There are 2 protein chains.
Amino acid sequence: MEMIDLPPKMRLTTQRQVILEELASVTSHPTANEVYDMVRRRLPRIGLGTVYRNLELMAESGLILKLEVGGTQKRFDATTDLHYHIRCTACGKVDDIKLPVQQEINKMAASATDYQILSHHVEFSGVCGSCGSAAEPSSIN
Amino acid sequence: MEMIDLPPKMRLTTQRQVILEELASVTSHPTANEVYDMVRRRLPRIGLGTVYRNLELMAESGLILKLEVGGTQKRFDATTDLHYHIRCTACGKVDDIKLPVQQEINKMAASATDYQILSHHVEFSGVCGSCGSAAEPSSIN
DNA sequence: GCAGTAAGTAATAAACTTTCTCATTATTAT
DNA sequence: ATAATAATGAGAAAGTTTATTACTTACTGC
């Protein structure tokens, strides 16, 4: 039994504010460690556990998105409206991809499984611009 | 016994055979640790590192699939033809979903990004049958 | 068969990501 | 300002995956 209840008395601490601001300041999808590095420039004494705890809390309350995309680390996204992602197989970078969300795919899925469908996510794999130009300048012949 | 297409110099050891057989014997998508447990019933002295190393090698050679779906652990799949997955948000179980792969989505993506698209994967989130019936008996009341 | 060599294994250590514990600090309501 | 308590920081701990190492096994050409 899982209910989405945001913590009753969630306090607005400096740490939370800065974490959210830093996450919102980038269009990339940083890992917890990367957020930690960004935040530490402004709050040098913050603990890594605090970053993890708050990213998790914010994700639970829907304030941010926790992306469980490929790779070993989870990534976080301050843009909470539904969108798909693409990950570079060479450098691991994750970008948004501006593709309309295919809502009808959920209905198709519902009739193909006994699961109760909640959502779906599409993750593309590809080679990003900088990695592609570095690796294969002769591929368009 | 099926013919296994091994990369040159890759030997078909007992460990590899058993790992592959055990993985192929289930329709679930076990984690490395679960494969380890299954294999250990037949080869009690096998090491966890051996399981990891060989799952990784087999995934690289295309013999099996390594799934980087949600959750903290990677999962492995002996079925290598393209298909989508669905993960239970309650118990973390991952199942195949029999939904035709949307090839055209790659073309749409190609025109929406400067990445060179290689592939895509769709992962659904939902509640599986057993979790659903266990969690919400109040819906029948 | 047998030496020589390459590949694989088991065990262990190590790296890395994430979660947990707890004494202390900071925030909120009074 | 004070009390109540949520949150923090520091470190330990847990969990997953990779790397190292010494030993074993299998393949090669003789």
Side-chain angles (χ1 to χ4, degrees), chain A residues 5-23 29-61 63-76 87 92 94, chain B residues 4 6-23 29-61 63-77 87 91-92 94:
Chain A
D5 51 343
L6 35 162
K9 296 282 187 179
M10 187 154 158
R11 294 174 176 172
L12 183 52
T13 63
T14 310
Q15 288 85 345
R16 268 173 203 159
Q17 235 168 297
V18 173
I19 288 171
L20 197 50
E21 283 173 14
E22 289 298 317
L23 184 60
H29 302 73
T31 64
N33 228 316
E34 289 166 348
V35 174
Y36 177 50
D37 286 340
M38 296 190 296
V39 170
R40 222 168 11 162
R41 292 198 293 262
R42 290 171 59 184
L43 304 173
R45 298 193 50 77
I46 198 173
L48 178 58
T50 300
V51 174
Y52 268 101
R53 183 174 352 99
N54 284 312
L55 287 174
E56 186 64 35
L57 283 173
M58 291 177 194
E60 272 174 22
S61 67
L63 209 54
I64 64 173
L65 283 186
K66 175 164 70 167
L67 308 182
E68 306 203 342
V69 296
T72 53
Q73 301 166 74
K74 284 164 192 153
R75 291 172 175 275
F76 296 88
R87 191 163 71 97
V94 174
Chain B
I4 299 171
L6 287 177
K9 307 228 166 177
M10 186 158 164
R11 295 174 180 168
L12 186 52
T13 63
T14 308
Q15 287 85 347
R16 267 171 206 161
Q17 224 167 308
V18 173
I19 288 171
L20 198 50
E21 284 173 13
E22 290 298 318
L23 184 59
H29 302 74
T31 63
N33 232 311
E34 289 167 347
V35 173
Y36 177 51
D37 285 340
M38 295 190 296
V39 170
R40 220 169 10 162
R41 291 198 295 261
R42 291 171 59 184
L43 303 174
R45 300 192 47 77
I46 198 172
L48 178 58
T50 301
V51 174
Y52 267 102
R53 178 171 6 93
N54 286 313
L55 286 174
E56 186 64 35
L57 284 173
M58 291 177 193
E60 272 175 21
S61 67
L63 209 56
I64 63 174
L65 284 186
K66 175 163 71 168
L67 308 182
E68 306 203 342
V69 296
T72 52
Q73 301 167 74
K74 282 163 193 154
R75 293 171 175 275
F76 296 88
D77 190 344
R87 192 164 70 95
C91 66
V94 174

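What you see is a predicted model, and the numbers here were worked out from it, not measured in a lab. Chain letters run A, B, ... following the sequence lines, proteins first and then strands; every chain starts at 1. No hydrogens, no waters, no symmetry mates; every other heavy atom, side chains included, goes into these values.
Closest approach to the B:Q73 side chain among D:dT16, D:dA10, D:dT8 is made by D:dT16 (side chain taken as heavy atoms from C-beta onward). For B:T50, the side-chain atoms get nearest to C:dA10 when compared with the rest of D:dG9, D:dT17, C:dA10.
Summary of helix geometry: the two end axes of the helix from C:dG1-D:dC30 to C:dT30-D:dA1, each defined by five base pairs via their C1' atoms, are inclined to each other by 40° (rounded to 10°).
Look at A:N54 and you'll find a side-chain N or O under 4.0 angstrom from OP1 or OP2 of D:dT8. Here A:N33 reaches the OP1 or OP2 of C:dT17: one of its side-chain N or O atoms lies under 4.0 Å away. Contact between the side-chain N/O atoms of A:Y52 and the OP1/OP2 oxygens of C:dT18 is found at a separation under 4.0 Å. Remark: A:R16 is not in phosphate contact with D:dA6, judged by side-chain N or O atoms under 4.0 Å from OP1 or OP2.
Looking only at side-chain heavy atoms (C-beta outward), B:K66 and B:L55 stay at 4.5 Å or farther from each other. By the 4.5 Å heavy-atom criterion applied to side chains, A:E68 and B:R87 are counted as neighbours. Annotation: side chain of A:R16 is in contact with side chain of A:L57 (closest heavy-atom distance under 4.5 Å). Counting heavy atoms from C-beta outward, B:L23 and B:M58 have side chains that stay 4.5 Å or more apart. A heavy-atom distance below 4.5 Å is not found between the side chains of B:T50 and B:V39.
Between A:Y36 atom OH and C:dT19 atom C1' there is a gap of 15 Å when expressed in whole angstrom units.
A:G92 and A:R75 make their closest contact through O-NH2, 3.4 Å (heavy atoms, listed as atom of the first residue, atom of the second, distance).
Using a 4.0 Å heavy-atom cutoff across all strands shown, A:L48 reaches at least one base atom of the nucleic acid.
For A:T72 and A:P44, each mapped to the nucleotide of DNA chain D holding its nearest heavy atom, the one lying further toward the 5' end belongs to A:P44.
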request  = Heavy atoms under 4.0 Å is the rule here; annotate nucleotides 22-30 of chain C 5' to 3' with B where the base is hit, S where only the sugar-phosphate is, and - elsewhere.
outcome  = ----BBS--
